[in-house]
Colleague: 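Below you'll find the structure I mean.
We number each residue from 1, following the sequence as shown. Given the structure is predicted, the values throughout are model-derived calculations rather than measurements.
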Amino acid sequence: MPATVHVRELTADDLDAAWELGRFAFGSDPQRPAPASAPVPGLTRYGAFDDAGRLVGKAVDLHHDQWWSGRAVPAADVAGVAVAPEARGRGVARALLTALLRGGRNRGAAISALYPTVAAPYRACGWEAAGVLRTVDLVTAALPRHRPASHLTVRAGTPADLPAVDDLYERVTRHRNGMLTRRGELFDATDRGLPGDGVTLVEAGGDLVGYATWQRGRGYGADSVLTVDEALAVTTEAARELVGVLGSWASVAPTLRLCPLDGDAVSVHLPLESAREHERDLWMHRPVDVARAVSARGWPIHARGAVDFHLTDPLAEWNTGTWRLTVADGAAELTRVDGEAELRLDVRGFALLYAGAAHARSVAQAGLLLCAGDTDPAALDLLGVGGPAQLLDYF
């Protein structure tokens with residue numbers, strides 16, 4: 001392969017080659033689905049081409065928003081990264097991700113998340129492991145039973161209920177960190193039929209207070225699994241009702257499979273002490289534009305302070321420099337300042353702190369934060385206030 005690659009947005013004429021490259025990388029079915037080559041709103045496809053014009057790499061920028069303490073932060077989430085076998089190890093992925101970050105910044109993105117098949121190449125480009133999407137198996141019969149509450153109504157959902165389901169999802173997730181908003185063109189373009197095989201709703205006085213979406217699976221023997229895509233509630237009574245309904249599947253689906261949301265109304269009623277891990281999907285995070293990432297998100301109202309640091313970001317040079325972080329009254333900003341700073345932070349360290357995945361002293365021990373003299377690295381814990389981030393969507 002030539003030493004140079006040319007990165008640009010893919011056009012409709014490139015999509016067949018991109019699909020084929022993805023098929024080789026991810027082992028997809030060779031039978032192409034009909035809409036695979038159609039343009040999709042809410043995402044940007046990038047391709048890397050050699051001097052002969054052959055597609056040798058691709059990546060997709062997903063135009064998501066993520067909730068961060070009550071505010072929606074625009075994201076350039078990354079998916080579908082693939083490089084032709086003959087071009088691997090020659091900087092193609094780095095060139096793609098550099099272009100994706102620049103394009104994401106130009107359209108207003110502030111942050112970026114991705115699920116890696118291998119972490120090292122993304123670490124080299126500034127992403128860092130920030131959390132894990134866990135899928136666990138529970139014994140359905142072990143779910144607690146309860147007497148149905150007379151003031152609650154349980155019924156099957158219909159497509160007409162989906163706006164209320166979306167609203168309840170937002171009520172649960174908007175004050176957390178990292179969760180997708182499920183707004184925007186990408187989600188609007190998704191088929192709005194019922195997700196999975198069914199939706200169970202719990203209502204109080206006609207208002208939705210809990211829901212579960214599930215897939216029945218096959219069979220009814222010892223290996224039958226009920227997969228719960230989501231089970232969310234805004235009251236403990238609704239959560240108990242949902243757990244009771246899910247437990248009623250015990251006679252035909254001995255295993256319940258779901259992704260628990262840490263500390264939410266439903267998870268506190270699940271027998272998680274006996275959960276068996278089914279799958280772990282590591283996710284990584286990094287800033288696209290650090291100033292925008294700080295100003296766009298919500299901050300805990302009690303947090304207050306200021307700290308100067310120097311940031312190094314080899315891939316996104318607009319982030320490199322000396323910054324002053326100021327946090328007060330539920331908001332924050334980064335402003336450039338002259339000179340050097342005693343705290344020198346790598347962009348991967350910024351990602352860990354921003355996502356609440358590590359304290360500053362741990363980041364320093366990992367070599368991602370350097371401190372001059374006796375400077376206490378804990379001053380940069382100000383960047384990590386607000387609790388750890390979590391994702392509930394795989395992309």
Colleague: Any idea which heavy atoms bring Gly57 and Leu96 closest together, and the distance?
Modeller: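 Shortest heavy-atom contact: C-CD1, 3.6 Å.
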Colleague: Have a look at Phe49 and tell me which of Val92, Val5, Thr4, Leu10 forms a side-chain contact (heavy atoms from CB on, under 4.5 Å) with it.
Modeller: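 Between Phe49 and the candidates, side-chain contact (heavy atoms from CB on, under 4.5 Å) is satisfied uniquely by Leu10.
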Colleague: Less than 4.5 Å apart, any side-chain heavy atom of Leu343 and any of Val307?
Modeller: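 Yes; the side chains approach each other to less than 4.5 Å.
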Colleague: Between Arg176 and Asp264, is the closest basic N to carboxylate O distance under 4.0 Å?
Modeller: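 No, Asp264 and Arg176 are not salt-bridged.
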Colleague: From Asp338 CG over to Thr322 OG1, what is the distance, rounded to the nearest 0.5 angstrom?
Modeller: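 The distance works out to 8.5 Å.
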Colleague: Is it true that Glu203 and Arg155 have a side-chain N and a carboxylate O under 4.0 angstrom from each other?
Modeller: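 Yes, this pair counts.
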Colleague: Determine whether the aromatic ring centres of residues Tyr394 and Trp283 are separated by less than 6.0 angstrom.
Modeller: no
Colleague: Side-chain heavy atoms under 4.5 angstrom apart, residues restricted to Ile, Leu, Val, Met, Phe, Trp, Tyr: same cluster for Leu315 and Val290?
Modeller: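 No.
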Colleague: What distance do Thr181 atom OG1 and Gln66 atom CD have between them, rounded to the nearest 0.5 Å?
Modeller: 9.0 Å
Colleague: At their closest point, which heavy atom of Ala328 faces which heavy atom of Arg304, and how far apart are they?
Modeller: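 Closest approach of Ala328 to Arg304: CB-NH1, 3.5 Å.
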Colleague: Between Arg361 and Asp376, is there a side-chain heavy-atom distance shorter than 4.5 Å?
Modeller: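 Yes. Closest side-chain heavy atoms under 4.5 Å.
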Colleague: Donor-acceptor check, side chain of Arg297 to backbone of Arg71, threshold 3.5 angstrom: yes or no?
Modeller: no
Colleague: Between Ser69 and Asn177, do the side chains contain an N or O donor and an N or O acceptor separated by less than 3.5 Å?
Modeller: yes
Colleague: Is the number of heavy atoms from other residues, nucleotides or ligands under 6.0 Å of Arg324 CZ greater than 12?
Modeller: no
Colleague: Look at the side chain of Trp299 and the backbone N and O of Val294, then say whether any donor-acceptor pair between them is shorter than 3.5 Å.
Modeller: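 It does hold such a pair.
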Colleague: Using a 3.5 Å distance criterion without hydrogens, assess whether the side chain of Thr375 forms a donor-acceptor pair with backbone atoms of Cys371.
Modeller: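 Checking the backbone N and O of Cys371 against the side chain of Thr375, no donor-acceptor pair under 3.5 Å is found.
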Colleague: Between Asp229, Thr227, Asp137, which is the residue that forms a side chain to side chain donor-acceptor pair (under 3.5 Å) with Arg257?
Modeller: Asp137
Colleague: So, the side chain of Arg174 versus the backbone of Gly70: is there a donor-acceptor pair under 3.5 Å, distance only?
Modeller: yes
Colleague: Could you check whether any side-chain heavy atom of Leu270 comes within less than 4.5 Å of a side-chain heavy atom of Leu258, counting everything from C-beta outward?
Modeller: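 When only atoms from C-beta onward are counted, Leu258 and Leu270 do touch, with a gap below 4.5 Å.
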Colleague: Starting at NE2 of His146, measure out to NE2 of His269 and round the result to the nearest 0.5 Å.
Modeller: 9.0 Å
Colleague: Any side-chain heavy-atom pair from Asp50 and His6 closer than 4.5 angstrom?
Modeller: no
Colleague: Please confirm whether the backbone N or O of Ala124 pairs with a side-chain atom of Arg94, one donor and one acceptor, at under 3.5 Å?
Modeller: yes
Colleague: Any salt bridge linking Lys58 with Asp14? Criterion: basic side-chain nitrogen under 4.0 Å from a carboxylate oxygen.
Modeller: no
Colleague: First locate atom CG of Asp329, then atom OG1 of Thr326, and finally report the distance between them rounded to the nearest 0.5 Å.
Modeller: 11.5 Å
Colleague: Describe, in one word, how the ring planes of Phe309 and Phe350 are oriented to each other, choosing from parallel (under 30°), tilted (30 to 60°) and perpendicular (over 60°).
Modeller: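 Geometry flag for Phe350 against Phe309: tilted rings.
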Colleague: Between CG of Leu55 and CG of Asp16, what distance do you get to the nearest 0.5 Å?
Modeller: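 If I round to the nearest 0.5 Å, the distance is 11.0 Å.
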Colleague: For a quick test of reading the model, state the closest non-hydrogen atom pair linking Ala82 to Phe26 and the distance between them.
Modeller: CB-CE1, 4.3 Å
Colleague: Give a yes or no on whether the backbone of Pro254 and the side-chain of Thr140 come within a donor-acceptor separation of less than 3.5 Å.
Modeller: yes
Colleague: My understanding is that only one of Asp346, Leu345, Leu368 makes a side-chain contact (heavy atoms from CB on, under 4.5 Å) with Leu352; could you say which?
Modeller: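 Of Asp346, Leu345, Leu368, side-chain contact (heavy atoms from CB on, under 4.5 Å) with Leu352 is met by Leu368 alone.
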Colleague: Using the rule given for ring pair (Phe, Tyr, Trp, His ring centres under 6.0 Å), can you reason through Trp214 versus Trp249, listing the C-alpha separation, both sets of side-chain angles and the distance that settles it, and then say yes or no?
Modeller: CA-CA 11 Å; Trp214 44 267; Trp249 286 90; 5.2 Å; yes
Colleague: Above 12 or not: heavy atoms from other molecules or residues under 6.0 Å from CZ of Arg218?
Modeller: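 Open.
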Colleague: Between Thr44 and His63, do the side chains contain an N or O donor and an N or O acceptor separated by less than 3.5 Å?
Modeller: yes
Colleague: Under 3.5 Å, is there a donor-acceptor pair between the side chain of Asp381 and the main chain of Ala360?
Modeller: yes
Colleague: Following the transitive rule for hydrophobic clusters with a side-chain heavy-atom cut-off under 4.5 Å over Ile, Leu, Val, Met, Phe, Trp and Tyr, establish whether Leu383 and Val288 coincide in one cluster.
Modeller: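 Cluster IDs for Leu383 and Val288 differ.
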Colleague: Strictly below 4.0 Å, N to O, side chains only: are Glu277 and Arg134 in salt-bridge contact?
Modeller: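 Here Glu277 does not pair with Arg134 in a salt bridge, since their nearest N and O are not under 4.0 Å apart.
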Colleague: Hey, is Arg102 close enough to Asp61 for a salt bridge, meaning N to O under 4.0 Å?
Modeller: no
Colleague: Hydrophobic cluster membership, with links at side-chain heavy-atom distances under 4.5 Å among I/L/V/M/F/W/Y: are Leu382 and Leu370 in one?
Modeller: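 Different clusters: Leu382 never reaches Leu370 through Ile, Leu, Val, Met, Phe, Trp or Tyr contacts under 4.5 Å.
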Colleague: Can you tell me if His310 has over 12 outside heavy atoms packed within less than 6.0 Å of its NE2?
Modeller: yes
Colleague: Evaluate the side-chain proximity of Leu380 to Leu353: yes if any heavy-atom separation is below 4.5 Å, no if none is.
Modeller: yes
Colleague: Where is the tightest heavy-atom contact between Ala239 and Ala233, given as atom of each residue plus distance?
Modeller: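 What the structure gives for the nearest pair is N-CB, 3.7 Å.
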Colleague: Flag the pair Arg240 and Glu237 as a salt bridge only when some basic side-chain nitrogen lies within less than 4.0 angstrom of an acidic carboxylate oxygen.
Modeller: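 A salt bridge is absent here (no side-chain N lies under 4.0 Å from a carboxylate O).
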Colleague: Classify the ring geometry of Tyr122 against Trp127: parallel below 30°, tilted from 30° to 60°, perpendicular beyond 60°.
Modeller: perpendicular
Colleague: When you check the side-chain N and O atoms of Thr335 and Trp323, is any donor under 3.5 Å from an acceptor?
Modeller: no
Colleague: Working note: Ser224 + Arg216, criterion side-chain hydrogen bond (donor to acceptor under 3.5 Å, both in side chains); need CA distance, chi angles, decisive distance, verdict.
Modeller: CA-CA 9 Å; Ser224 180; Arg216 170 62 182 89; 3.1 Å; yes
Colleague: Ignoring hydrogens and angles, tell me if any N or O in the side chain of Asp313 forms a donor-acceptor pair with the backbone of Glu317 under 3.5 Å.
Modeller: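 Judged by distance alone, no pair lies under 3.5 Å.
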Colleague: Are Asp65 and Arg183 ion-paired here, with the side-chain N under 4.0 Å from a carboxylate O?
Modeller: no
Colleague: So if you build clusters from Ile, Leu, Val, Met, Phe, Trp, Tyr with side-chain heavy-atom gaps below 4.5 Å, do Leu256 and Val225 land together?
Modeller: no
Colleague: Write down the atom of Leu242, the atom of Leu232, and the distance for their closest heavy-atom approach.
Modeller: CD1-O, 3.5 Å
Colleague: Where do Val136 and Ala275 come nearest, in terms of heavy atoms and distance?
Modeller: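 That would be CB-CB, 3.9 Å.
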Colleague: Between Asp393 and Arg182, is there a side-chain N and carboxylate O pair less than 4.0 Å apart?
Modeller: yes
Colleague: Are the side chains of Asp262 and Ser267 in contact, using a 4.5 Å heavy-atom criterion?
Modeller: no
Colleague: Tell me whether the count of non-hydrogen atoms from other residues, nucleotides or ligands lying under 6.0 Å of CZ in Arg276 goes above 12.
Modeller: yes
Colleague: How many angstroms lie between OG in Ser112 and CZ in Arg286, if you round to the nearest 0.5 Å?
Modeller: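 CZ of Arg286 is found 7.5 Å from OG of Ser112.
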Colleague: Within the 4.5 Å heavy-atom criterion, are Pro116 and Leu282 side-chain neighbours or not?
Modeller: yes
Colleague: With no hydrogens and no angle check, just 3.5 Å: does a side-chain donor-acceptor pair link Glu230 and Tyr211?
Modeller: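 Indeed, the side chains of Glu230 and Tyr211 share at least one donor-acceptor pair under 3.5 Å.
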Colleague: Are the side chains of Asp161 and Leu208 in contact, using a 4.5 Å heavy-atom criterion?
Modeller: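 No, every pair of side-chain atoms sits at 4.5 Å or beyond.
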Colleague: With clusters defined by side-chain heavy atoms of hydrophobic residues (ILVMFWY) lying less than 4.5 Å apart, directly or transitively, does Val268 cluster with Leu392?
Modeller: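 Unlinked, Leu392 and Val268 end up in two clusters.
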Colleague: State, without any angle test, whether Arg145 and Ser248 hold a side-chain donor-acceptor pair at a distance under 3.5 Å.
Modeller: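 Arg145 vs Ser248: no donor-acceptor pair found between side chains.
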